[in-house]
Amino acid sequence: MSTVFGLIIEGKVPCTKVFENERILAIEDIHPVAPVHILIMPKKAIANLQSIQPKDLPLIAEIAQIAQQIAEEKGIEEGYRLLTNNGPDAGQTVFHLHFHLIGGRVLGHLG
Ligand code: 5GP
């Protein structure tokens with residue numbers, strides 16, 4: 001079943017794109033928790049980090065590289081968080097793998 005991010009990737013739901021290539025899409029989060037809050041995701045439908053297959057692990061390296069690039073563009077390279085919520089107990093609400101790139105303010109300790 002397609003998720004809202006699947007629909008965004010297919011162009012059926014609007015978004016504000018920050019980065020795109022054949023494999024990865026980065027968009028502004030619709031409910032930002034900080035001045036910079038970007039979601040970086042593979043276009044491939046993978047539910048979450050726990051379900052990623054070894055052959056798709058290079059996508060994670062590419063996402064880390066794109067996060068570095070966006071952090072620099074946004075001027076937050078001195079302090080940001082890159083995180084993924086894996087599963088309902090961690091607060092995952094959209095079951096299409098994505099990483100939150102959060103920064104632009106002082107971030108509190110992880111809860
Ligand atoms: P999760 O809770 O799964 O880690 O993160 C889902 C994120 O997706 C949330 O931060 C939420 O604000 C964001 N989100 C949910 N629906 C949409 C949408 O339609 N468009 C965009 N740009 N972000 C969304």
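FYI, side chains are in, hydrogens and waters are out, and symmetry mates aren't considered; it's all heavy atoms of this structure. Both ligands and their constituent atoms are indexed starting at 1 by order of listing.
- Ligand 1 is surrounded by V4, F5, I8, I27, E28, D29, I30, H31, L39, N85, G91, Q92, T93, V94, H98, H100, each with at least one heavy atom closer than 4.0 Å.
- By the side-chain hydrogen bond (donor to acceptor under 3.5 Å, both in side chains) test, D56 pairs with K44, sequence neighbours left out.
- For the residue pair N48 and Q92, a side-chain donor N or O sits within less than 3.5 Å of a side-chain acceptor on the partner.
- A distance of 12.5 Å separates NE2 in H98 from CG in L25, rounded to the nearest 0.5 Å.
- Between E22 and K43, none of the side-chain N atoms (NZ, or NE/NH1/NH2) sits under 4.0 Å from a carboxylate O, so this pair counts as no salt bridge.
- With rounding to the nearest 0.5 Å, the separation of CD1 in I102 from OH in Y80 is 12.5 Å.
- With D29 contributing its side chain and L39 its backbone, the two residues share no donor-acceptor pair below 3.5 Å.
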